[in-house]
Every structure is written in C-alpha cells, then in structure tokens.
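What follows is a single structure, written as structure tokens, with notes after it.
Nothing here was measured: the structure is a model prediction, and the numbers come from that model.
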Amino acid sequence: MTISSRIAGFGHYVPERCVENPEIEMRLGLDPGWIERRTGITSRRWAWPDQTLTDLAANAGAMALEKAGVDRSAVALTLLATSTPDHLLPPTAPLLALRLGLSASGAIDLAGACSGFLYALVLADGFVRAQGKPVLVVAANILSRRINMEERGTAAVFADAAGAVLLVPSMDPQGGILGVELMQDGESYNLIQIPSGGSARPFDDCTDPSDLRMTMRDGRAVFSQAIRMMTQSSLKAMGQAGLEPRDINRFIPHQANSRIIDAACDRLGLSSAIAVRTVGEFGNSSAATIPLSLSIANKQRPFVLGERLLLAAAGAGMIGGAVVFGVV
C-alpha cells in the first residue's frame, strides 16, 4: 500500500519581547502609521540577548512533538530551515535534535531564506513516503540580529519566531503533498542579501559592520518578483493536484507583508477570507512564518479531514515555490 504523510503535530514559539511600530518609526524618523500603511505590520517579536536560535527552535519543536504524542525515539530526521544558525559551523540541527531528545534522528540545516520551510516540507514528505518514519520540520530565525536599523525596508519588517510540524506516515493517498512547484530566479540573486561573512567576501577587522547586516536593494523589485513567483508556483501546484482555486480551503502564504498576500489572493482568484494572516502581529520571520501561521491557525480553528491547504513563499535568492497539502 502506498504511504503518504500527515501532520501529526503543530508547534510555534515567539519571544516575549514585543516591539511595536512607534519604537521603530521614531528611530527612523518616519511619520506615525507609516509602517502599518505600507506593510500591514503593527508589531513584531524580537529575541532577548540571551536567547539563541536553538532556544526558539526547541520550543516550537517540543510543542509539535507533544501535540503529536509520538515517541521521540521514532523520529528519524530533523530538518531545520534557518538563515540565522547559532554558528556558521557546525550546523545547528544536531544541537536542536539533542535538546529535543531525538536520539535516533539525523539532523541537517537548510538555508532557503523565506522559502526554506517549503523546501524542508517537500524533503520531509519524500522521506516519510520512502522510509515510513516520522520527520520533524522546524523553521526558525532571529532576524533582529541581522537587521540594518538604518534601512527602513528591513528594520520595519523583520522579526524573530519559530514554527514546527511533525510529519508521520499515513495510508490515506489524499494526505501529504498533492502538488508542488519549486522555482528560482538567479538573475535576482542580489536583491536581498548580507554582503559579507561568506567565503566570497570573508569578514575581517576591516569589514564595514553594516556589510554584516541584511540589505534590500530594490523593494519594488522584490515585491513584484515575490507576487510573480508565488502566483506561478501556486497555479502549477494546484494543477498537479487537479484542483482549482475554489477547491482550496485555506491559503497559508509566507507573511512578507499584507500587500503581497492581498495581491497573491487577487491573482490566484482566492477569497481573501481563506488567507491565514499573522504578519500584522508577528511581522516577517522569513522561513518561520508559514509553520508559525499553520500552528496558530490550527489552534484557532483545527484543520479537519479533507481540507486542502495551499502554501506559497518567495524570498532571497530569489527562490520560491508552492505546495498543495492534503489534511488526513
């Protein structure tokens, strides 16, 4: 019998520190209300100085494991989607697996920027189908430590958070990923970046500190590319699943800003009422936004058998994609 996957547990975590718009607007000399008008964001969460990426990820992962009620020794793989690991080397996923007591699990980091969770979900679904064993997928970021506070395009938007799902085997062929489309546009590679710190531009005593912070070269180009990639990949994923927009029960997009979500709904012919939104309260935590939104949505109104979820994202690279996921 063919094995598919299902989400047995959802988890999320946001730091306690809440940073509201006036704090950032005053620092940048912006008019009151400027951030909300352009992004839909009213607040975001930033980690305390003593919190690590592993701390955030472990809280979200523990919640997903507890909700699933799965023996932790049964988890065979841990995937951590992040752009802000604890260290450049070693990867953070082994430490996360240790913290969670996943003694029989492999572990690896995935650096997929805002699309990282989608890529990790696709890999996890494939592993579950091939091996018949549970996989923990966690996406987490502490972007507040990579923000350029002199650049309003990043300072106003980015946040810290973690989200997680535990995938387990299912015998229902309508479960798990029903359609997927992943894509990239390397010509737009430099639109969002941290210029220094990698092997192309190693940092040293002469490195300008601002080059170790995130920068967005052209916000309008990022906006248009994100909408294009999310729309195109969503249409192809729905086509693979044999579904029309009217067949989608909930749309969980990457929470970049409210205008991108609205534009994606409009171009896809989706009712804005089915779009899950957390960006207003929690900002943009890159790869973490989709699993954070999944967990919060499930808490508010649990997913039910037969629902069809559309997940879509686009971000730095530029890389993006969409997944149609069946709830069983």
Item to check | R72 vs S103, side chain to side chain contact (heavy atoms under 4.5 Å, CB included): CA-CA, chis, key distance, verdict | outcome: CA-CA 8 Å; R72 298 194 183 197; S103 58; over 6 Å; no

Item to check | Steps toward salt bridge (Lys or Arg N to Asp or Glu O under 4.0 Å) verdict (E23, R17) | outcome: CA-CA 13 Å; E23 179 178 337; R17 182 186 176 194; 3.7 Å; yes

Next on the checklist: Please evaluate residues I296 and F282 with respect to the criterion side chain to side chain contact (heavy atoms under 4.5 Å, CB included), reporting the C-alpha separation (whole Å), side-chain torsions for both, the decisive distance (0.1 Å), and the verdict.
Outcome noted: CA-CA 11 Å; I296 290 174; F282 298 111; 3.6 Å; yes

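Taking each heavy atom of M149 and A155 in turn, the nearest pair found is SD-CB, 3.7 Å. When all heavy atoms of A159 and R44 are compared, the pair lying nearest together is CB-CB, 3.6 Å. Across all their heavy atoms, G269 and P245 have their closest contact at O-CB, 3.9 Å. When every heavy atom of Y119 is checked against every heavy atom of G320, the shortest pair comes out as OH-O, 3.5 Å. Across I261 and H254, no two heavy atoms sit closer than the pair CG1-O, 4.2 Å.
A single hydrophobic cluster is seen to contain both V122 and F10, as judged by linkage of ILVMFWY side chains at heavy-atom distances under 4.5 Å, directly or through other members. The same ILVMFWY cluster, assembled from side-chain heavy atoms under 4.5 Å apart, contains both M214 and L28. Hydrophobic clustering (side-chain heavy atoms under 4.5 Å, transitive across Ile, Leu, Val, Met, Phe, Trp, Tyr) groups L294 together with V180. Each of L80 and L121 belongs to its own hydrophobic cluster when Ile, Leu, Val, Met, Phe, Trp and Tyr are linked at side-chain heavy-atom distances under 4.5 angstrom. V128 and L311 fall within the same hydrophobic cluster, where Ile, Leu, Val, Met, Phe, Trp and Tyr residues are linked whenever their side-chain heavy atoms come under 4.5 Å apart, directly or through other members.
Heavy atoms from other residues, nucleotides or ligands lying under 6.0 Å from CZ of R37 number more than 12. The local environment of CD1 in I108 is sparse, with at most 12 non-hydrogen atoms from other residues, nucleotides or ligands closer than 6.0 Å.
Looking at E151 and R146, no side-chain N of the basic residue comes within less than 4.0 Å of a carboxylate O on the acidic one, giving no salt bridge. A salt bridge links D55 with R99; the closest basic N to acidic carboxylate O contact falls under 4.0 Å. Using a cutoff of 4.0 Å between basic side-chain nitrogens and carboxylate oxygens, D185 and R228 are scored as salt-bridged.
Looking at heavy atoms from C-beta onward, D247 lies out of side-chain contact with R308 at the 4.5 angstrom threshold. Between S272 and R277 there is a side-chain heavy-atom pair separated by less than 4.5 Å. Residues V324 and L243 have side chains in contact (heavy-atom distance under 4.5 Å, counting atoms from C-beta outward).
In this view, R38 satisfies the salt bridge (Lys or Arg N to Asp or Glu O under 4.0 Å) rule with no residue, not counting sequence neighbours.
Note that R259 lies in the cation-pi zone of F223, set by a 6.0 Å cut-off to the ring centre and a 45° limit from the axis.
For the pair D86 (side chain) and L53 (backbone), a donor-acceptor distance under 3.5 Å is present.
Of the candidates S295, S293, S285, S293 is the only one forming a side chain to side chain donor-acceptor pair (under 3.5 Å) with T278.
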